[in-house]
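Worksheet: the structure to be examined is printed underneath.
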Amino acid sequence: MYQRYHLRTSLAPEIAPFPNRTRVKVKRPGLAAHLVEELIRYRRNPEVALSRPCVYGVFSGPVGGFAPRNDSCVGCLRCTIEYPEMVQVYPNPEHKHLGDSYFTPEHVDTLCYEARTGRIPVKGAGYRGPFGGEGWNGMWTDMSEIVRPTRDGIHGREFISTAVDIGQKPPFLTFYEQGAATGESVRTFSLPIPVLFDVPPASVLSPTFIQILLAAAQEAETLLVLPVRILQRFRIQGPQIVPLVGHEDADALTELRFVPPMIELDGWNEALLREVRTRFAENTICLRHALVSTEELLKHYQAGIRVFHLVADYHGRGRDGRFVLDLIREAHRAFVEAGCRDAVTLLGSGGIIAAEHLPKAIICGLDAVALDTPLLVALQAEFLGECPDRERSRFRLPRRLTVNWGVQRVENLLASWRDQLLEVLGAMGLREVRRLRGEIGRAMFQSDLEREAFSGIEGYDH
Ligand code: SF4
């Protein structure tokens, strides 16, 4: 029976201390005088008097504003605007240490809100961030095609599909006279959301963490990429797992006790590809590849690879230092120019850390995204220093991590990101995410616009 795809959200508050963005400092003599005045004025309602001057309850603790509840502060600044002589609001220095230079404290804040509530973060006072900048900030999605206000996937009036197909998709089929197909056949499977889970870093591997990812992948009906050695070590199996195999792991494949939907090769190795093809003739084979030269990708396409998992570092940089946005566009364009883009599936990882990056990465040319650091942040992992490198970066998960809590946090995150993807699709009048792939006409790039507007003008330096 048809069932509409649904992610189950529910509140999952933080289990480890989470520093608030702001810290409130109060001049106590001033506050005492203010309270006395308020108590006299509102003597019939001490509750009102004691809640002043903050409606969010920062001053409503057992000893009132003498020990402000910083965790409740939303940073609206009303208190300091109304009573500048008594209250000051400062940035919390502990908050600045969240994440690293790429996964900024603001990104961590937003992502934790999404993982806690499963909802879309709404800034009531409007957007206060930059309107351009480096990386993904230099790309804007064009929402001017708001032609179908009823096409609203979140509120369920008209369905927008977020399903994607992964696998071998020949552009056309040819047949023998008897009716049998002569060449490549269609060999795909679908995921209800364009999101997979990528290999987690070694520093956080534990039975609980793996169980969380596995159960969350099952709930969300998506896939989890795990090295085949890890499958052996933790004795895990399941149809949600995509084994990642290096040339030294080929023998471990014989011990698999389940049929995986896809097998991922860790780098190009012809002998390994032959062996995997022999053992798993019916399975989809994916090549994990650093985001570098497009000639190599086309060479692997000629060798029969139809699914590519393009990987940048955690800061979204390819091996040559270029940003993932440009590298995805280049890979997509190379397949388009070779006339085979529709025959391949492009997955991508690295530097995709916010809900808006998902539709942007798809517009640049990916079919689906495999999440890495966002899953760690959803589970309140601490970054131990700068974490660009996939092998060497270190993270620490909270001690009180439990499977139920972790699964709910990941599911909330996916629900929030999916809703935001639906917002983008709805605003563009698209009714399936498949049509967003490579739709570069739906985006504007700051560098292009600036070049168009300013090139030839003295002082313009692109
Ligand atoms: S900034 Fe806003 S939320 Fe924070 S203490 Fe002041 S009034 Fe309350």
Side-chain angles (χ1 to χ4, degrees), residues 9-101 103-131 133 137 353-356 377-378 380 382-383 398 409 412-413 416 419-420:
T9 59
S10 86
L11 194 66
E14 280 71 38
I15 51 169
F18 187 75
N20 203 26
R21 211 156 42 93
T22 52
R23 185 170 280 177
V24 183
K25 292 222 166 121
V26 178
K27 287 191 182 138
R28 289 175 180 170
L31 179 67
H34 174 73
L35 279 178
V36 171
E37 190 191 320
E38 294 270 287
L39 280 168
I40 294 167
R41 191 185 305 165
Y42 299 103
R43 60 186 180 280
R44 292 205 191 133
N45 199 342
E47 205 182 324
V48 172
L50 292 172
S51 72
R52 300 301 188 94
C54 174
V55 291
Y56 293 96
V58 176
F59 294 85
S60 310
V63 284
F66 297 101
R69 293 165 154 173
N70 282 299
D71 288 349
S72 306
C73 178
V74 298
C76 69
L77 303 184
R78 177 181 158 174
C79 55
T80 194
I81 289 167
E82 281 189 28
Y83 306 98
E85 67 295 338
M86 191 171 75
V87 189
Q88 295 293 319
V89 180
Y90 296 96
N92 184 354
E94 282 174 42
H95 183 262
K96 285 189 191 155
H97 295 131
L98 290 173
D100 68 359
S101 64
F103 217 126
T104 62
E106 289 70 35
H107 281 124
V108 175
D109 245 358
T110 306
L111 200 136
C112 277
Y113 175 86
E114 292 163 341
R116 187 188 322 129
T117 62
R119 296 169 59 187
I120 300 177
V122 178
K123 309 265 188 223
Y127 177 68
R128 284 174 289 174
F131 284 93
N137 286 342
I353 60 167
E356 46 143 339
V377 172
Q380 283 202 275
E382 199 184 324
F383 286 54
R409 292 276 289 194
N412 284 351
L413 175 73
S416 172
D419 277 354
Q420 290 173 76

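Start at 1 and go down the list; that is how both ligands and their atoms are numbered.
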Examine Cys54 and say whether one of its N/O/S atoms is closer to atom 8 (Fe) of ligand 1 than 2.8 Å.
->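 Short answer: yes, at least one N, O or S atom is under the cut-off.
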
Judged by atom type as modelled, is there a donor-acceptor pair below 3.5 Å linking the side chain of [X] to the main-chain atoms of [Y]?
X	Y	answer
Arg23	Pro93	no
Asp100	Phe383	no
Ser416	Asn412	no

For [X], atoms of ligand 1 separated by under 4.0 Å from a heavy atom:
X	value
Cys76	1 (S), 2 (Fe), 3 (S), 7 (S)
Cys79	1 (S), 5 (S), 6 (Fe), 7 (S)
Val58	5 (S), 8 (Fe)
Val74	3 (S)
Leu77	1 (S), 2 (Fe)

Above 12 or not: heavy atoms from other molecules or residues under 6.0 Å from OH of Tyr56?
->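 It does not: Tyr56 OH has 12 such atoms or fewer within range.
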
With a 4.0 Å cut-off, would you call Glu14 and Arg116 a salt bridge?
->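 Yes.
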
Atom pair CG/OG1 of Asp419 and Thr9 - distance to nearest 0.5 Å =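 So the gap between those two atoms works out to 8.5 Å.
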
Checking only N/O/S atoms, does Cys73 have one that is under 2.8 Å from atom 4 (Fe) of ligand 1?
->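 An N, O or S atom of Cys73 is closer than 2.8 Å to atom 4 (Fe) of ligand 1, so yes.
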
